[in-house]
2 protein chains.
Amino acid sequence: MKVYSRTSFPLPVEQLNAMVEWLSGFTENKGSGVTRLLYSEEWLEAQEALKRKMEEGGLDTYYDDTGNLFGRLEGTIDADSTVLTGSHIDSVVNGGKYDGAYGIIASFLAVEHLYRKYGRPSKTIEVVSLCEEEGSRFPLTFWGSGNITGVYKDKDITHIADKSGVSLKEAMNKAGFGRGIHRLPYRENIEAFIELHIEQGSVLEKSCNSLGVVTHIVGQRRYTVSIKGKSNHAGTTPMQDRHDAMTTAAELITYITAKVQKADPHLVATVGKLDATPNVPNVIAEEVSFTLDIRHYDEGMLEKVCAEIFQHFEVVSQEKKVNISFSQWTDVKPVEMDAFLQEKAIGVSTRQQLSFQKMLSGAGHDAQLFGTHCPTSLIFVPSVNGVSHSPEEYTKAEDLTQGVQMLTELLYEMAYDKGGEEK
Amino acid sequence: MKVYSRTSFPLPVEQLNAMVEWLSGFTENKGSGVTRLLYSEEWLEAQEALKRKMEEGGLDTYYDDTGNLFGRLEGTIDADSTVLTGSHIDSVVNGGKYDGAYGIIASFLAVEHLYRKYGRPSKTIEVVSLCEEEGSRFPLTFWGSGNITGVYKDKDITHIADKSGVSLKEAMNKAGFGRGIHRLPYRENIEAFIELHIEQGSVLEKSCNSLGVVTHIVGQRRYTVSIKGKSNHAGTTPMQDRHDAMTTAAELITYITAKVQKADPHLVATVGKLDATPNVPNVIAEEVSFTLDIRHYDEGMLEKVCAEIFQHFEVVSQEKKVNISFSQWTDVKPVEMDAFLQEKAIGVSTRQQLSFQKMLSGAGHDAQLFGTHCPTSLIFVPSVNGVSHSPEEYTKAEDLTQGVQMLTELLYEMAYDKGGEEK
């Protein structure tokens, strides 16, 4: 059977792999994965190199004043309304070659191919290399997409600095941005944003699918739970007389885990950090604090489960005669991906016989910010062993290729005339 | 009703309190409780001052070569066989005024009173100020009683040093000990050892008893339990795919607590220390290690419960697909106090209408080492709020007094002729 694909092209695996390697070369600490922090020298070199590559591919390039880089193919019929595609160029410290970078590379290869094969689209397509998503250098995330979508519009960044005390503004200015030279980042003319990204989990690997069409990016709540008990002698205090912060913490963690597992298969909760005081073997713990990270695609579910967990805290607090308090420090709402774009992505995958599934994104992505601003689609390719934020991050070339293939077709359907033929 | 007491004497509370204050004055860091570490200047000053006080009270004094100080009343009939009474002179860093010190003071006041009132006993009585029990300066405990009872006979102390690198031998020599000047510490002529000590728990305070006649000093086992799971993304890893070291630890701690509470009311288990890796909020914990301190007076019970706990570890390890290992680093056997001396102490308390109860010692004491060497009795007075090892350590004067009263009578019954009358 001939696979239906107007856009299918013999994308040489070598070309894709070579571009992944090439982009990963713009890094601090060569040999320990990729470290490309916002506004660093390596970051600027990567953006400038991408800019040249886009220009070589026939795209018009420009920066916005935040440092987001765009490669533009102006539409022949509708020049203003833009189909935007890309991901972020920054990395965590000692991260991998694919997180963010793959989305930019895929977008560039797809658009370059479409341009070579079909010329200019009817609607404008832009490839974007978003300046920041990870929050690795400065204590803020989504600096790139947040500026485009207006989230950072009234944000006072005066006091935001990196670990060495360099302020965000200073670093930005030094890299040539934030000085009014470039156009303002805020955009109201994005008809759709499409992001390809590695999954950073094992769902696709386990189901043996090459593509994940994301339905929702989950909401995230993060809390610190503090238990104040009473420090006492490990030998002289009978069990029934204890106000033990550690056993209380253990009971709460066990309760939360069971509760979350029972509530919904898509709900996840993580206690990743726990600190005890005085933390010595022969003294009953006086204080224990632990973090709770809880995620789901439905805000109502988050609200309900958290409320039940906190109600249980009260019961345990009275029963164990310990003080239990909690404070929330992250509240990211779930974001639904555009239903029409999901259907389009599924249609393309089906027609091209690419193996795919619908799925959630448990991690945050730039698509999350675009998702409340314009129709947005997020598509995953598998992560081997679910590993990310590590030099071991890896996605097989055949999966990377299928992502590019699906994106190419999707962009064609969205930005080129229906029934458009090859040049 | 007249209370039966041959030895009762109007022990002025002021005198007892004054001696507690006086001895607490030999300390580093005045104003932050008592810090009197083995072989320190303050330690030597305290021993020397006690020596003078004993001599003023009519006792013959001598040191052994470890630095244990003795005040001796030689028996008129049986000079060699000795009734020994006392406790330890060293303290923890920023400890209290009563831990150890009270036992020495009580012994001195009792013996001084008996000598003043009845002259020399038939059997030799010695008051002992044991040089070390706490392990606060050097990484070893019971240095005083361990040398008397032969526990440290073949101990190689060459490599034992304090935090500043001063070796035990060097510190000992500097204080005048370990050079063969004094008699060897090992003793085989102790007919009985009697120690008064603060409870360091709340059992007596809760039952409103002034005295606790200890039946057993519990055995102690300490373990480090290590769980090796798999670090993963808090958002992208479904609950059922996790190998979470933290939730496993929580489940084990909850299991241990329930198990121990159910097994026996005298069994205590403490998880005082827990460390997680990488210990960040949004990453599933890869490794968690925690300590388990478990105590009971019956070695068989300890063995049985620990075996059941470790069996459960295997079940959980398979169920959660995490690796659970444990290593033991403390194994102190339970020690039973002498039954005859317990009965004697109870007889004295009953006749003197002192409120008392039988109880366990959950903490270690010098009586533990004597207990396997010679007939030994350990008697507690209450600790207000169960506090010890703190400047807040406190025992009410009336309780301190009752302890001295009971010890005086007990020593009389053991070392003076039966039916002996006042001088």
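In what follows, chains carry the letters A, B, and so on, assigned in the order in which the sequence lines appear, proteins first and then strands, with residues in each chain numbered from 1. Since this is a predicted model, take the numbers as computed values, not measurements.
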Of A:P265, A:P278, A:P281, the largest count of non-hydrogen pairs under 4.5 angstrom with chain B goes to A:P281
Among A:K206, A:H389, A:M359, which residue has the highest count of heavy-atom pairs closer than 4.5 Å to chain B?
A:K206
Heavy atom to heavy atom, less than 4.5 Å: which residues from residues 210-228 of chain B reach chain A?
B:R222
Of A:Q240, A:R242, A:M239, the residue whose pairing with B:Q261 passes side chain to side chain contact (heavy atoms under 4.5 Å, CB included)
A:M239
Does any backbone or side-chain atom of A:V260 lie under 4.5 Å from a heavy atom of chain B? Answer side chain, backbone, both or neither.
side chain
Name all residues meeting the side-chain contact (heavy atoms from CB on, under 4.5 Å) criterion together with B:N232; count only those two or more places apart in sequence or in a different chain, and write none if there are none.
B:K230, B:T237, B:I284
Under a 4.5 Å cutoff for heavy-atom pairs, which residue among A:T330, A:T247, A:V280, A:D293 has the most contacts with chain B?
A:V280
Looking at chain B, which one of A:H266, A:E251, A:Q200, A:E286 has the largest number of heavy-atom pairs inside 4.5 Å, strictly under?
A:Q200
Going through the checks in order, is the side chain to side chain contact (heavy atoms under 4.5 Å, CB included) test met by A:N279 and B:K273?
CA-CA 4 Å; A:N279 211 35; B:K273 183 165 162 45; 3.7 Å; yes
Nearest non-hydrogen partners of A:T270 and B:A234, listed with the distance:
OG1-CB, 3.4 Å
Given that the side chain runs from C-beta out, which part of A:I256 has a heavy atom under 4.5 Å from chain B: side chain, backbone, both or neither?
neither
For the side chain of A:T236 and the backbone of B:A363, is there at least one donor-acceptor N/O pair under 3.5 Å apart?
no
Quick one: what part of A:T291 sits under 4.5 Å from any heavy atom of chain B, side chain, backbone, both or neither?
side chain
Is chain B contacted by the side chain of A:V283, its backbone, both, or neither, given a heavy-atom distance below 4.5 Å?
backbone
Begin with the C-alpha distance, continue with both residues' side-chain angles, and end with the deciding distance and a verdict on side chain to side chain contact (heavy atoms under 4.5 Å, CB included) for A:N282 and B:R295.
CA-CA 11 Å; A:N282 58 342; B:R295 308 189 192 194; 3.8 Å; yes
If you count heavy-atom pairs under 4.5 Å between each of A:A285, A:A269, A:S202 and chain B, which one has the most?
A:A269
Nearest heavy-atom approach of B:V268 to A:P238 is CG1-CA, 4.0 Å
Do you know which of A:L274, A:T257, A:I253 has the most heavy-atom pairs under 4.5 Å to chain B?
A:L274
